[in-house]
Amino acid sequence: MTAAEAAPRIGFVSLGCPKALVDSERILTRLRAEGYAVTGSYADANLVVVNTCGFIDDAVHESLDAIGEALARNGRVIVTGCLGAQPEQIRSRHPAVLKITGPQAYEEVMAAVHEQLAPPHDPFLDLVPAQGIRLTPRHYAWLKIAEGCDHRCTFCIIPALRGPLHSRPVGEVMQEAERLVQAGVKELLVIAQDTSAYGRDLRHATGFWGGRPLRARCTELARALGSLGVWVRLHYVYPYPQVDEIIPLMAAGRLLPYLDVPFQHGSPRILRLMKRPARAGDTLARIRAWRAICPELTLRSTFIVGFPGESADDFARLLDWLQEAELDRVGCFRYSPVAGAAANALPDPVPAAVQDERYERFMELAAALSARRLAARIGSRTRVLIDRVDAGIALARSPAEAPEVDGVVRIRAPGSLRAGDLAEVEITGTDAYDLDARLVPAANQV
Ligand code: SF4
């Protein structure tokens, strides 16, 4: 019997957002480092860890179903993640789970695994790649720079689940980024609950990277990441004035000209009811200023329609705002109450039929804006990163498309291109969300 066959085997189910995925990667890295084997089969596993999401009701149901499936098909289940912060909800439906821990509870998860399934002797630590175990393809990786959140948006329970803002030391973040780049990562996706708040809890203390001082602050971190020679994409940035400092780095090619800003609404009254961060400024003026500095900037955002108290006038303001902002990529959710959220106590809930109607109207406008912005790209040239090649078509992304949330660039006849390659293409066509492109022959590239 080989060491790998003898190793205790853990099944792992990872649900939720990229931040939860990073937690999963950390736990998997620890498991592998201690010599456990990770298996994709319930039947083959000695124990299953389920990393849950508890953000909205749908996610809660999905997590509870996943726990139920793991119990039915394996029987020995440890639960962690956001829903783990509400253990009574899990226990009432699944009393047989062995242990429940909350989010980012790496030590507790490992202790629970040790309790149930002793680690093998003399683990081969060098079986674990230096960059850790990643669940994303080899060529891109999420880089989580902070945990928790200091805001109190009324529809959200993340601060209650994950605690206040806790930024990672800047040197540690940079070392992880360097390891990822050395391992072949071509694109770093920077995430936190509020990326722009990075380092506020540390009072932006100066750390060290490569022997040089570096402040724990979003602009300085972004500049340092931009020196690593790979694509760097910022997610979950709020429209604070200091974000203006980051846009010139995009114009200079140090960062991808892409910002994911969760605006959530366009009516100041609703933003106040939501208690959204950075809601006081004139966001349309800020967007105009950003585009003046970096015309190729792509803006992605998400919105909530049908928030309690949203009047017809508020909704009309949202549509006007969207029309004027001309965002490139937009996602939208109908408001749904989350157990424990302050917004549940707000008066004037919007009836479901009105929410549906507003959602349809919002998405119709968003699709038209997206189609118009994409059509303007026909004939232009861009660099793309190949995500995969299937049946003679390469699916790629340009700086304007983030993985998993935005559209893709389809390239027919991709030649010898493989996942992780960079190429230059000319955009030849679009539909509402995706683009078609052809390769630019090397001789014609600039
Ligand atoms: S910024 Fe608001 S929505 Fe985002 S995690 Fe913090 S409280 Fe929740």
Side-chain angles (χ1 to χ4, degrees), residues 15-23 51-60 63 81-86 102-104 142-168 189-202 217-218 234-243 246 259-281 283 286 299-310 318 330-346 402 405:
L15 303 168
C17 63
K19 285 150 273 192
L21 191 69
V22 173
D23 291 348
N51 188 9
T52 58
C53 176
F55 185 45
I56 56 173
D57 280 359
D58 284 353
V60 170
S63 294
C82 280
L83 190 60
Q86 297 169 20
Q104 306 139 43
W142 278 291
L143 181 66
K144 183 150 70 167
I145 60 173
E147 307 278 7
C149 182
D150 283 343
H151 303 301
R152 292 292 176 269
C153 301
T154 52
F155 56 81
C156 179
I157 54 168
I158 295 275
L161 296 177
R162 295 193 159 232
L165 176 69
H166 181 73
S167 302
R168 295 175 64 197
L189 304 143
V190 181
I191 54 168
Q193 302 297 344
D194 174 359
T195 296
S196 33
Y198 172 69
R200 211 179 273 165
D201 54 314
L202 305 174
R217 192 167 170 274
C218 188
L234 302 184
H235 285 278
Y236 314 123
V237 170
Y238 285 87
Y240 298 113
Q242 77 261 24
V243 174
I246 293 174
L259 269 186
D260 176 359
V261 187
F263 287 108
Q264 304 298 17
H265 215 280
S267 156
R269 199 179 72 85
I270 297 299
L271 289 169
R272 258 195 319 277
L273 287 175
M274 289 178 168
K275 293 205 176 147
R276 289 297 286 165
R279 64 183 176 272
T283 45
R286 179 138 279 131
L299 281 171
R300 168 184 181 78
S301 190
T302 48
F303 294 85
I304 296 173
V305 294
F307 189 76
E310 183 189 71
L318 169 60
V330 167
C332 181
F333 301 92
R334 298 166 184 82
Y335 171 76
S336 78
V338 178
N344 299 349
L346 288 173
V405 286

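The structure presented is a predicted model; accordingly, all values stated were derived computationally and were not measured. Whatever order the structure lists ligands and atoms in, that order sets their numbers, starting from 1.
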Is any side-chain heavy atom of Asp260 closer than 4.5 Å to a side-chain heavy atom of Leu234?
no

Gln86 and Leu161: side-chain contact (heavy atoms from CB on, under 4.5 Å), yes or no, with the steps?
CA-CA 8 Å; Gln86 297 169 20; Leu161 296 177; 3.9 Å; yes

For ligand 1, which atoms have a heavy atom of Arg276 less than 4.0 angstrom away?
2 (Fe), 3 (S)

Pro159 neighbourhood, listing ligand 1 atoms whose heavy-atom distance to it stays under 4.0 Å
7 (S)

Quick check: does Cys149 have an N/O/S atom under 2.8 Å of atom 6 (Fe) of ligand 1?
yes

Do other residues, nucleotides or ligands put more than 12 heavy atoms under 6.0 Å from the NE2 atom of His151?
yes

What protein heavy atom is closest to atom 2 (Fe) of ligand 1, reported as residue, atom name and distance in Å?
Cys153 SG, 2.3 Å

Give the residue, atom name and distance (to 0.1 Å) of the protein heavy atom nearest atom 8 (Fe) of ligand 1.
Cys156 SG, 2.3 Å

How about His265 and Glu310: does a side-chain donor come under 3.5 Å of a side-chain acceptor?
yes

Subset of ligand 1 atoms that lie under 4.0 Å from at least one heavy atom of Gln193:
5 (S)

The closest protein heavy-atom partner of atom 1 (S) of ligand 1 is Tyr238 OH, 3.2 Å

Could you list which atoms of ligand 1 come closer than 4.0 Å to a heavy atom of Ile158?
5 (S)

Evaluate the ring planes of Phe303 and Phe263, with Trp represented by its six-membered ring, and classify them as parallel (under 30°), tilted (30 to 60°) or perpendicular (over 60°).
parallel

Examine the side chains of Tyr198 and Arg168 and answer whether a donor and an acceptor come within less than 3.5 Å of each other.
no

